[in-house]
Amino acid sequence: MNINNKPEDVVFQPATRISSIGVSEILKIGAKAQALKREGRPVIILGAGEPDFDTPDHIKEAAWKAMQAGQTKYTALDGTPELKAAIRDKFSRENGVDYALDEITVATGAKQILFNAMMATLDPGDEVIIPTPYWTSYSDIVQIAEANPVLIACNAEAGFRLQAAQLEAAITPKTRWVILNSPSNPSGAGYRAEDYRPLLDVLMKHPQVWLLVDDMYEHIVYDGFEFVTPAALEPRLKNRILTVNGVSKAYAMTGWRIGYAGGPRDLIKAMAVVQSQATSCPSSISQAASVAALNGPQDFLVERKASFQRRRDLVVAGLNAIDGLDCRVPEGAFYTFSGCAGVLGKTTPSGKRLETDTDFCAYLLEDANVAVVPGSAFGLSPFFRISYASAESELREALTRIADACARLA
Ligand SMILES: Cc1ncc(COP(=O)(O)O)c(C=O)c1O
């Protein structure tokens, strides 16, 4: 018997379900930008998917009090009764949707909510419709669940929003879910009631198709945009809608890892089965903090939104002043998704021809010390995403550098 176990004899064999999923482009660019920074290059990174504000003090205090009160043990599997009650009240107060406590689930971030939902419902060969540009985790999670993402391009002219005819054409007997995200990461596009209506009418005709809506950026909307969620707009569909939300973006709590959802009881129960073998429960301390976030004062959200809006206006105006770039005004979130078709085909000072948005972003990083993410990472080219959750001074400097870099192209 050969009992050799030399390093060269050991071949790591990943599971098929993850073999087609690479490390995300966003992480790769982030790692490269950080490496350049460590070398001493003055890189400005506009890639972060999190608010630059701190978690408000009253929320931190609630966490501290929970620890002092001994709330440091496992909790109920998919959320404490206190947090579920706060979520029920939030859905009712802010969204006009009534969920019972057993129609609510809490997880370690909205990402885990999505993961639980897909793992609990998808079989190999099932299809999930995802409009692009999309938050990359949607398709990766669907693939980990061994189902097939069906990506539908939604261009800038359509406001980066899925159209009813596209949805109708994409539905097959294998379609299990449609995932919609408003306001969107990466495009910032928001669906108004009149944008949702034709899509919900299509879904009414296809009872096997469920709708997952990701409302993560609901509180970060501009110019009086009226946020709506489909379960409120079409109560007849509520029994096949999963309404996903979380405290990460609204309350600047990305590191606390709490996401939640409201949905039909049977789905919520099945999601708990997945969660029970993944994490047992979300962090007890973070759940206590989230109760304070949802039940506490909400006035600071307005100030923070105004601050984001100033930065959105600065970045959109700066980008549109640059020859070759074309940026739609986003309704929400803290991202711009700008077209860069006008710079493709041009040549950099070092003689490289820019063929794709990935080339353009590599050029910006190398020559202008600005890290942004190409549209290809989000399934739609030629675009690039800027996260403007950074200081205004940094944004101004980045815009100047991008403008100079574009002016140097021939
Ligand atoms: C659209 C969208 N949904 C969900 C999430 C995940 O949030 P969480 O921190 O709750 O996992 C993100 C985070 O970037 C996001 O952009």
Side-chain angles (χ1 to χ4, degrees), residues 24-27 29-30 45-53 55 59 78-79 83 87 90 104-119 128 130-142 144 149 154 160-162 177-191 211-221 227 229-230 242-262 271 274-275 278-279 282-283 286-287 289-290 293-294 308 330-337 373 377-380 385-389:
S24 99
E25 193 67 26
I26 307 176
L27 294 184
I29 291 167
I45 303 178
L46 302 181
E50 56 189 352
D52 57 341
F53 297 110
T55 304
I59 298 175
D78 64 352
L83 180 51
I87 292 165
K90 176 262 181 268
I104 290 170
T105 183
V106 183
T108 303
K111 193 179 257 184
Q112 194 188 16
I113 294 277
L114 284 155
F115 193 84
N116 291 347
M118 296 301 121
M119 292 300 278
V128 177
I130 305 171
T132 74
Y134 62 99
W135 183 47
T136 39
S137 292
Y138 298 145
S139 71
D140 288 349
I141 291 172
V142 166
I144 291 175
C154 302
F160 297 118
R161 287 184 279 255
L162 181 67
W177 288 98
V178 180
I179 300 182
L180 297 178
N181 170 214
S182 165
S184 149
N185 174 8
S187 71
Y191 286 71
L211 173 63
L212 186 153
V213 287
D214 181 342
D215 292 347
M216 184 53 78
Y217 294 92
E218 109 174 76
H219 287 294
I220 308 174
V221 290
F227 175 85
T229 198
L242 185 67
T243 306
V244 179
N245 212 318
V247 295
S248 285
K249 316 285 170 163
Y251 302 100
M253 292 177 70
T254 47
W256 299 76
R257 310 306 305 126
I258 294 292
Y260 58 86
M271 289 167 64
V274 178
Q275 176 147 304
T279 54
S283 149
S286 298
Q287 289 189 75
S290 300
L294 295 174
F308 277 133
E331 285 85 18
F334 38 75
Y335 311 103
T336 57
F337 199 64
V373 186
F378 308 101
L380 196 73
R385 188 191 79 170
I386 283 181
S387 163
Y388 52 83

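All ligand and atom numbering here is 1-based and tracks the order in the structure. We use all heavy atoms of the structure for the numbers below, so side chains are in, but hydrogens, waters and symmetry mates are not.
- Neither the backbone nor the side chain of Gln112 comes within contact range of ligand 1; no heavy atom lies under 4.0 Å.
- Among all protein heavy atoms, the one lying closest to atom 10 (O) of ligand 1 is Ala110 N, 2.6 Å.
- When only non-hydrogen protein atoms are considered, atom 2 (C) of ligand 1 lies nearest to Asp214 OD2, 3.4 Å.
- The two residues His219 and Ala250 make their nearest non-hydrogen contact at CD2-CB, 3.8 Å.
- The side chain to side chain contact (heavy atoms under 4.5 Å, CB included) test with Tyr217 is passed by exactly one of Val221, Ile220, Asp215, Asp214: Ile220.
- An N or O contact shorter than 3.5 Å links Asn185 to ligand 1 by distance.
- Distance alone, capped at 3.5 Å, places no donor-acceptor pair between the Arg161 side chain and the Cys154 backbone.
- Thr55 places a side-chain N or O within 3.5 Å of a backbone atom of Ala252 that can act as its donor or acceptor partner.
- In terms of polar-atom proximity, defined here as any N/O pair under 3.5 Å, Gly259 makes no such contact with ligand 1.
- Considering backbone and side-chain atoms together, Thr254 places no N or O closer than 3.5 Å to any N or O of ligand 1.
- Looking at every heavy atom in both residues, Ile179 comes nearest to Pro131 through O-CD, 3.0 Å.
- Judged purely by atom type and a 3.5 angstrom limit, Gln275 uses its side chain to pair as donor or acceptor with the backbone of Val106.
- Residue Ala189 comes nearest to Phe160 through the heavy atom pair CB-CB, 4.1 Å, listed as atom of the first residue, atom of the second, then distance.
- Below 3.5 Å of separation, one finds an N or O of Lys249 facing an N or O of ligand 1.
- By the ring-ring contact (aromatic ring centres under 6.0 Å, His included) test, Tyr134 is found to be paired with no residue, residues two or more places apart in sequence or in another chain being considered.
- Heavy atoms only, all atoms of each residue included: Phe378 and Thr132 are closest at O-CB, 3.9 Å.
- Residue contacts with ligand 1 include Tyr138, since one of its heavy atoms falls under 4.0 Å from the ligand.
- Looking at atom 11 (O) of ligand 1, its nearest protein heavy atom turns out to be Arg257 NH2, 2.8 Å.
- Taking every heavy atom of Asn181 and a limit of under 4.0 angstrom, the matching atoms of ligand 1 come to 1 (C).
- Look at Ser248 and you'll find a heavy atom under 4.0 Å from some atom of ligand 1.
- Contact annotation for Phe115 and ligand 1: no heavy atom of the residue comes within less than 4.0 Å of the ligand.
- Proximity of Met216 to ligand 1, defined as any heavy-atom pair under 4.0 Å, is confined to the side chain (atoms from C-beta onward).
- Protein heavy atom closest to atom 6 (C) of ligand 1, with residue, atom name and distance, is Trp135 CH2, 3.4 Å.
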